[in-house]
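Heads up, the thing below is written out as structure tokens.
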Number of protein chains: 2
Amino acid sequence: MAPRNADTKEDILRLGTELIQLYGYNAFSYADIAKNLHIRNAAVHYHYPGKEDLLAGIIDNYMEKYRQLEASLNQPGITAQQKLEAYMARYTEIVEQNKICIIGSVCSDYNTLPASVKERIHDLVTMVLDMVEKVLLEGKRLKQFHFSGNARTQTLLIMTNLAAGAQLSRITGKGDYLAICKGILQQVKA
Amino acid sequence: MAPRNADTKEDILRLGTELIQLYGYNAFSYADIAKNLHIRNAAVHYHYPGKEDLLAGIIDNYMEKYRQLEASLNQPGITAQQKLEAYMARYTEIVEQNKICIIGSVCSDYNTLPASVKERIHDLVTMVLDMVEKVLLEGKRLKQFHFSGNARTQTLLIMTNLAAGAQLSRITGKGDYLAICKGILQQVKA
DNA sequence: AGCTAAACTTACTATTTAGTAAGTTTAGAC
DNA sequence: GTCTAAACTTACTAAATAGTAAGTTTAGCT
């Protein structure tokens with residue numbers, strides 16, 4: 001095997017992720033990627049035959065990163081609140097870069113996507129919701145969190161706050177996002 | 001003046017709104033509109049010279065409808081909770097049609113939009129937030145609502161719940177959206 | 001040294017895109 | 001009845017789009 005540049009596939013993935021979070025799936029083209037990476041259009045097609053293959057790769061990669069974050073948090077001594085704040089910090093990073101989360105971005109284009117990609121998105125969402133729900137349950141069990149209603153509903157409330165908070169902050173400014181974060185913690189803090 | 005069909009402009013606006021809410025701004029073309037309305041591409045350009053003019057028109061129209069809703073609710077005998085539920089009902093309608101709200105839809109494409117459109121989106125968001133904040137303040141004053149923190153933050157929390165709730169329900173199903181709605185009301189109900 | 005396969009480039013195609021210029025139809029004002 | 005302007009259609013263009021087929025370079029294995 002003779003990889004001239006073994007990082008190109010990674011670079012495409014990283015840039016594609018960035019373009020989706022900044023401009024949306026239907027607003028960037030293979031030409032944009034090729035131009036930015038100083039390769040030809042066909043080189044992008046070599047690594048990802050079609051745009052939906054690239055999107056599938058991006059989502060898989062996003063899931064993998066989430067799994068890694070979860071694993072790094074599942075260590076003794078890390079409280080439920082620290083875990084929740086770690087998840088929230090991911091959104092804060094996104095907001096600081098004027099991005100939105102992948103899920104929120106592809107959601108507007110969702111009805112135009114092929115079934116294989118829809119399934120991946122579904123799996124990603126399910127995974128994230130389950131991860132946060134676990135943290136909320138753990139926090140409640142250890143009396144670190146308090147909330148009325150069930151953990152699933154509270155998870156949905158928090159994650160929609162974060163996802164749409166990132167979106168909103170693009171329009172009205174980052175102040176609103178910060179207010180939302182404070183509000184979330186106030187709601188669950190014991 | 002001789003309008004052969006005076007409703008065409010309205011039809012374009014209505015269909016454009018629908019396409020944005022269903023597929024996203026960058027996922028539909030003038031050809032889609034022309035085909036659906038059985039007119040030619042150039043006829044769409046006649047009414048809306050460029051795609052951004054159409055988007056501007058759609059947003060203006062959306063604002064107008066919100067103003068009308070607010071006016072219809074500002075009548076004696078309508079409680080704050082009824083008003084809040086009326087706003088929430090708009091999102092429920094959207095969810096039932098597999099749509100998402102205009103703001104959430106254009107948000108992923110926001111960074112690709114011209115300044116004139118960005119301003120309109122900003123105005124729309126500001127208006128909606130102000131409307132809901134007023135209702136929350138009224139409800140709190142009349143002891144119909146209770147919530148800790150200020151009304152602005154509570155408004156942000158609720159509106160992000162609704163916007164992202166609609167988006168999420170596309171992926172995981174309408175059940176999650178309904179749970180979110182119940183959660184919202186439980187949070188503010190006295 | 002030569003074979004092989006990965007990682008490309010060159011060169012192209014068909015389609016879709018927004019957009020335009022110029023001509024046509026139609027309804028109502030006068 | 002004629003004039004006028006709104007509301008179109010026809011017939012285009014230039015650019016961008018995803019995608020492909022075929023050839024080229026390069027690194028490592030033997």
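The basis for the numbers below is simple: all heavy atoms, side chains too, and nothing from hydrogens, waters or symmetry mates. Convention: sequence-line order gives letters A, B, ...; per-chain numbering from 1.
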The correct set of residues in residues 48-62 of chain B placing a heavy atom under 4.0 Å from DNA chain D is none
Residues in residues 19-30 of chain A with a heavy atom under 4.0 Å of DNA chain D, by number, are A/F28, A/S29, A/Y30
| query | With respect to the phosphate group of C/dC8, does any side-chain polar atom (N or O) of A/H47 fall under 4.0 Å of OP1 or OP2? | reply | yes
Residues at least two apart in sequence or cross-chain that pass ring pair (Phe, Tyr, Trp, His ring centres under 6.0 Å) with A/Y30, listed by chain then number, are A/H45
Residues at least two apart in sequence or cross-chain that pass side-chain hydrogen bond (donor to acceptor under 3.5 Å, both in side chains) with A/Y177, listed by chain then number, are A/T92
By salt bridge (charged side-chain N to carboxylate O under 4.0 Å, His left out), A/E64 pairs with (sequence neighbours left out) A/R67
B/E85 meets the salt bridge (charged side-chain N to carboxylate O under 4.0 Å, His left out) criterion, sequence neighbours left out, with none
### A/T8 side chain near C/dA7 phosphate (N/O to OP1/OP2, under 4.0 Å)
no
Contacts satisfying salt bridge (charged side-chain N to carboxylate O under 4.0 Å, His left out) that involve residues 144-157 of chain A (not counting sequence neighbours) are A/R152-B/D176
- Task: Answer yes or no: does a side-chain N or O of A/Y46 lie under 4.0 Å from OP1 or OP2 of C/dC8?
- Result: no
Within residues 31-40 of chain A, the residues having a heavy atom closer than 4.0 Å to DNA chain C are A/I39, A/R40
Residue pairs passing the salt bridge (charged side-chain N to carboxylate O under 4.0 Å, His left out) test with at least one member in residues 111-131 of chain A, sequence neighbours excluded, are A/D60-A/R120
Axis-to-axis angle across the helix from C/dA1-D/dT30 to C/dC30-D/dG1, five pairs each end, nearest 10 degrees, ~ 0°
Cut-off 3.5 Å, no hydrogens considered: what does the side-chain donor-acceptor table look like for residues 93-108 of chain B, sequence neighbours left out?
| from | atom 1 | to | atom 2 | distance (Å) |
| --- | --- | --- | --- | --- |
| B/N98 | ND2 | A/N111 | OD1 | 3.4 |
| B/S105 | OG | B/I20 | O | 2.8 |
| B/S108 | OG | A/S108 | OG | 2.6 |
| B/S108 | OG | B/S105 | O | 3.3 |

Residue pairs meeting salt bridge (charged side-chain N to carboxylate O under 4.0 Å, His left out), one or both in residues 29-54 of chain A, sequence neighbours left out, come to none
